[in-house]
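Structure first, then comments.
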Amino acid sequence: QVQLVESGGGLVQAGGSLRLSCAASGRTFSRYAMGWFRQAPGKEREFVGYITWSGGTTYYADSVKGRFTIARDNAKNTGYLQMNSLKPEDTAVYYCAASSYGSHLPQQYGYWGQGTQVTVSS
């Protein structure tokens, strides 16, 4: 089993930046694609982006493309979501997840972190 723990959330001003981390347990994390999702109150979970196991391919939702960057450091068993030019509509609980293959579908991810709150003020 893969255990995932997000950190780095908090309250930031619009236009600011924040970096989320996703720490994974075990020594096989490098073989999984890592996805990021977010969920605002009263709304469905939304795909943010993913990165393949090698880090060679990334894919982003249109709503965050150009502002968010996904990266990973397999030696540290850690993934990252760098968020720049944050907007109030980015406010949500952010989740990292692990899957055998990169996908925008949450049902294809077998492992999930507990989530971390990101709040962007106007």
Side-chain angles (χ1 to χ4, degrees):
Q1 183 178 356
V2 177
Q3 302 271 31
L4 304 174
V5 179
E6 301 95 336
S7 62
L11 175 64
V12 298
Q13 189 176 8
S17 298
L18 200 63
R19 187 177 75 162
L20 306 183
S21 297
C22 177
S25 65
R27 53 193 293 269
T28 61
F29 175 70
S30 63
R31 306 308 301 177
Y32 290 90
M34 182 185 68
W36 287 92
F37 296 80
R38 65 186 184 185
Q39 188 167 22
K43 297 183 179 180
E44 296 182 353
R45 189 161 298 187
E46 176 188 14
F47 169 74
V48 174
Y50 70 76
I51 187 169
T52 56
W53 69 268
S54 66
T57 301
T58 54
Y59 185 83
Y60 302 94
D62 289 340
S63 60
V64 305
K65 191 172 184 178
R67 299 187 298 119
F68 290 10
T69 302
I70 297 174
R72 68 190 300 166
D73 187 340
N74 289 335
K76 298 180 179 180
N77 290 328
T78 302
Y80 303 95
L81 177 63
Q82 177 67 47
M83 304 183 292
N84 299 325
S85 301
L86 284 163
K87 306 174 182 179
E89 51 262 44
D90 293 320
T91 296
V93 176
Y94 283 72
Y95 300 88
C96 67
S99 175
S100 297
Y101 305 97
S103 175
H104 70 285
L105 301 175
Q107 60 264 36
Q108 293 187 358
Y109 289 81
Y111 305 98
W112 293 82
Q114 83 290 345
T116 185
Q117 177 71 46
V118 173
T119 303
V120 184
S121 63
S122 300

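Heavy atoms of other residues, nucleotides or ligands lying less than 6.0 angstrom from CD of Glu89 number more than 12. Within 6.0 Å of atom CD in Gln107, more than 12 heavy atoms from other residues, nucleotides or ligands are found, so the atom counts as buried in its surroundings.
In plain terms, the two heavy atoms of Ser17 and Ser85 that are nearest each other are OG-N, 4.4 Å. A pairwise comparison of heavy atoms in Gln117 and Ala92 identifies NE2-O, 3.5 Å as the closest pair. Annotation for Ser63 and Glu46: closest pair OG-OE2, 3.5 Å, computed over non-hydrogen atoms. Summarising the geometry of Thr91 relative to Ala40, their closest heavy-atom pair is O-CB, 3.8 Å, with the distance given to 0.1 Å. Smallest separation of non-hydrogen atoms from Trp53 and Arg72: CA-NH1, 3.3 Å.
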Problem - Residues Arg45, Tyr95; criterion side chain to side chain contact (heavy atoms under 4.5 Å, CB included); working and verdict - result: CA-CA 9 Å; Arg45 189 161 298 187; Tyr95 300 88; 3.5 Å; yes
Exercise for the section: Would you please test Met83 and Val118 for side chain to side chain contact (heavy atoms under 4.5 Å, CB included) and show each step? Expected result: CA-CA 10 Å; Met83 304 183 292; Val118 173; 3.9 Å; yes
Exercise for the section: Please step through side chain to side chain contact (heavy atoms under 4.5 Å, CB included) for the pair Glu6 and Tyr94, ending with a clear verdict. Expected result: CA-CA 8 Å; Glu6 301 95 336; Tyr94 283 72; over 6 Å; no
Practice task
Given side chain to side chain contact (heavy atoms under 4.5 Å, CB included), test Asn84 with Phe68 step by step and report yes or no.
Solution key: CA-CA 6 Å; Asn84 299 325; Phe68 290 10; over 6 Å; no
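Side chain of Tyr60 to backbone of Ile70: a donor-acceptor contact under 3.5 angstrom is found. Panel note: side chain Gln3, backbone Ser25; no donor-acceptor pair is recorded below 3.5 Å. A donor-acceptor pair under 3.5 Å links the side-chain atoms of Thr116 to the main chain of Gly9, judged by distance alone. Of the possible polar contacts, none joining the Glu44 side chain to the Gln39 backbone as a donor-acceptor pair under 3.5 Å is found.
Partner Ser103 forms a side-chain contact (heavy atoms from CB on, under 4.5 Å) with one of Phe47, Tyr109, Tyr59 and no other, that one being Tyr109.
Met34 has its side chain out of reach of Ser99: every pair of non-hydrogen atoms, C-beta onward, lies at least 4.5 Å apart. Contact annotation: the side chain of Arg38 approaches that of Val64 to within less than 4.5 Å [non-hydrogen atoms, C-beta and beyond]. Residues Gln108 and Tyr101 are not in side-chain contact: their nearest non-hydrogen atoms beyond the backbone lie 4.5 Å or more apart. Side-chain contact between Leu86 and Leu18 is present, with heavy atoms from C-beta onward closer than 4.5 Å.
Of the N and O atoms on the side chains of Thr78 and Asp73, not one donor lies less than 3.5 Å from an acceptor on the other residue.
The distance from atom CG of Leu81 to atom SG of Cys96, rounded to the nearest 0.5 Å, is 9.5 Å.
Note: Phe37 and Trp112 meet the aromatic proximity criterion, with ring centroids under 6.0 Å apart.
Grouping the Ile, Leu, Val, Met, Phe, Trp and Tyr side chains by contacts below 4.5 angstrom, directly or via other members, places Tyr111 with Ile51.
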